[in-house]
Amino acid sequence: METAARGAPRGSGGAEALLGELEARVQDVVRASSWWERHGVDCSILALSLLALPPGFLCLRSENGLVFVLGITILGVCHYTLTVKGSHLATHGALTESRRWSKIWAHFFVEVCTAFPAEDARHGHVKMHHGYTNVLGLGDSSTWRLPCLNRYVYMFLAPLLIPIITPLVAVERLRKVKLGAALRALGLISLGLCSHYWLLRHVSGFRSPASALACMLCTRSLLAHPYLHVNVFQHIGLPMFSRDQKPRRIHMMSLGVLNLPRLPVLDWAFGHSIISCHVEHHLFPKLSDNMCLKVKPVVSQFLREKQLPYNEDTYLARFRLFLSRYEELLVHAPPITELAGLQ
């Protein structure tokens with residue numbers, strides 16, 4: 001399949017000039033923003049999520065069904081806010097301008113909260129997915145494909161296994177790293193899982209190990225369906241590129257990334273950079289969620305002004321697309337898009 005971005009200057013010089021012009025406009029917005037806008041808003045959301053954990057655990061002590069469900073909801077939303085939003089921002093170093101604190105937050109959010117090795121998350125997400133967005137075999141989101149599953153199992157049942165699969169994959173990845181790093185990561189992962197279990201037994205009052213583990217699975221899978229869906233909706237089904245003929249950065253991101261509309265619960269738990277500002281995030285990955293939202297009008301106006309793609313679609317439309325074309329999108333290898341004159 002061959003295509004070209006309409007109105008885009010051909011060759012690397014034109015692409016670099018476009019990106020430079022966009023970066024200048026975005027940096028003007030960033031420089032005019034306060035610390036609160038750059039980091040404070042998102043740090044406050046994460047802090048509120050941590051403060052909401054004790055009431056959530058205490059709600060699970062109640063014999064009132066509605067209060068119990070409220071506790072599950074609080075813990076589930078807080079879990080995804082810390083593990084998705086927190087881990088994502090920390091992995092990109094978008095929570096603070098201090099490199100030391102960025103590393104500390106990455107260990108906390110990715111390893112303690114998410115139960116996954118921080119260094120592996122950084123390599124797979126920042127270096128591969130962002131460095132080679134939609135490049136086959138590198139950053140093409142192929143890790144989310146499970147061809148052995150049919151469409152209904154994948155879309156409706158498979159997400160429930162994410163809390164179980166994540167620590168298992170973590171242990172497998174730790175076998176390939178140095179002993180010291182593996183032991184540190186394993187210790188922090190164990191701390192997070194054991195703390196969650198201990199709090200359910202001793203604060204929430206679960207009497208049996210099985211009931212506590214079932215509650216852990218319930219809270220950790222509360223938003224697993226949109227988490228899996230969003231990860232495939234925003235890249236798969238868009239142009240894919242070969243290693244040898246990948247386009248320049250601005251074309252790669254404008255063609256291979258898609259924004260969903262704002263969705264209040266997912267905006268809070270996953271962050272704007274994953275939901276409604278994913279294009280902006282891929283172009284400027286070190287910006288916080290709040291800053292991605294602030295520069296969104298600048299980026300969208302610029303890309304449309306230069307007649308470059310700015311992909312947007314609704315969650316429901318993407319869900320219907322993937323359900324109807326599941327084998328084409330998530331089973332078979334995607335076709336390579338040839339971008340004439342833009343490599």
*For residues K296 and S276, is any side-chain donor paired with an opposing acceptor at under 3.5 Å?*
no
*Derivation and outcome, side chain to side chain contact (heavy atoms under 4.5 Å, CB included), residues R173 and D120*: CA-CA 8 Å; R173 298 288 176 87; D120 198 77; 2.4 Å; yes
*Please name all residues satisfying salt bridge (charged side-chain N to carboxylate O under 4.0 Å, His left out) with D140, sequence neighbours left out, ordered by chain then number.*
none
*Should F284 and V299 be marked as a side chain to side chain contact (heavy atoms under 4.5 Å, CB included) after you check the CA-CA gap, both sets of side-chain angles, and the distance that decides it?*
CA-CA 10 Å; F284 305 99; V299 174; 4.1 Å; yes
*Between V112 and H107, does a side chain to side chain contact (heavy atoms under 4.5 Å, CB included) hold up when you go through it step by step?*
CA-CA 7 Å; V112 177; H107 287 305; over 6 Å; no
_To the nearest 0.5 Å, what is the distance between CG on L316 and CG on L260?_
11.5 Å
*Are side-chain heavy atoms of I72 and C215 found at a separation under 4.5 Å?*
yes
_Using a 3.5 Å distance criterion without hydrogens, assess whether the side chain of H229 forms a donor-acceptor pair with backbone atoms of M155._
yes
*Under 3.5 Å donor-acceptor, N134 side chain and V257 backbone*: no
*Is the Y152 ring parallel, tilted or perpendicular to the F156 ring (thresholds 30°, 60°)?*
parallel
*Do the ring planes of F270 and Y80 sit parallel (below 30°), tilted (30 to 60°) or perpendicular (above 60°)?*
tilted
*Thinking salt bridges, do E305 and R25 make one under a 4.0 Å N-O criterion?*
yes
_Identified ring-ring contact (aromatic ring centres under 6.0 Å, His included) counterpart of W144 within the set Y154, F233, Y227_ = Y227
*Indicate if L46 and L293 have the same hydrophobic cluster label, given that clusters are the connected sets of ILVMFWY residues with side-chain heavy-atom separations under 4.5 angstrom.*
no
_Donor-acceptor side-chain pairing of H272 and H278 below 3.5 angstrom_ = no
*Would you indicate whether R304, at its atom CZ, is surrounded by more than 12 heavy atoms from other residues, nucleotides or ligands within a distance under 6.0 Å?*
yes
*Determine whether the side chains of S87 and T114 contain a donor N or O and an acceptor N or O closer than 3.5 Å.*
yes
*Which pairs count as salt bridge (Lys or Arg N to Asp or Glu O under 4.0 Å) when at least one residue sits in residues 266-278, sequence neighbours excluded?*
R262-D267
*Is a side-chain donor-acceptor pair under 3.5 Å present for Q234 with N259?*
no
*Please say whether more than 12 non-hydrogen atoms of neighbouring residues, nucleotides or ligands are located less than 6.0 Å from CD in Q301.*
no
*Residues in salt bridge (charged side-chain N to carboxylate O under 4.0 Å, His left out) with E327, at least two apart?*
none
*Which pairs with one or both residues in residues 176-200 pass salt bridge (Lys or Arg N to Asp or Glu O under 4.0 Å), sequence neighbours excluded?*
E111-R184, E172-K176
*Tell me, which pairs form a salt bridge (Lys or Arg N to Asp or Glu O under 4.0 Å) where one or both residues lie in residues 86-109, sequence neighbours left out?*
R38-E97
*asked:* With salt bridge (Lys or Arg N to Asp or Glu O under 4.0 Å) as the rule and sequence neighbours excluded, what pairs involving residues 44-55 come up?
replied: none
*In the single-linkage hydrophobic clustering (I, L, V, M, F, W, Y; side-chain heavy atoms under 4.5 Å), do L146 and L168 co-cluster?*
no
*Atom CZ of R122 with >12 non-hydrogen neighbours under 6.0 angstrom*: no
*Got a sec: does the OH of Y310 have more than 12 other heavy atoms crowding it under 6.0 Å?*
yes
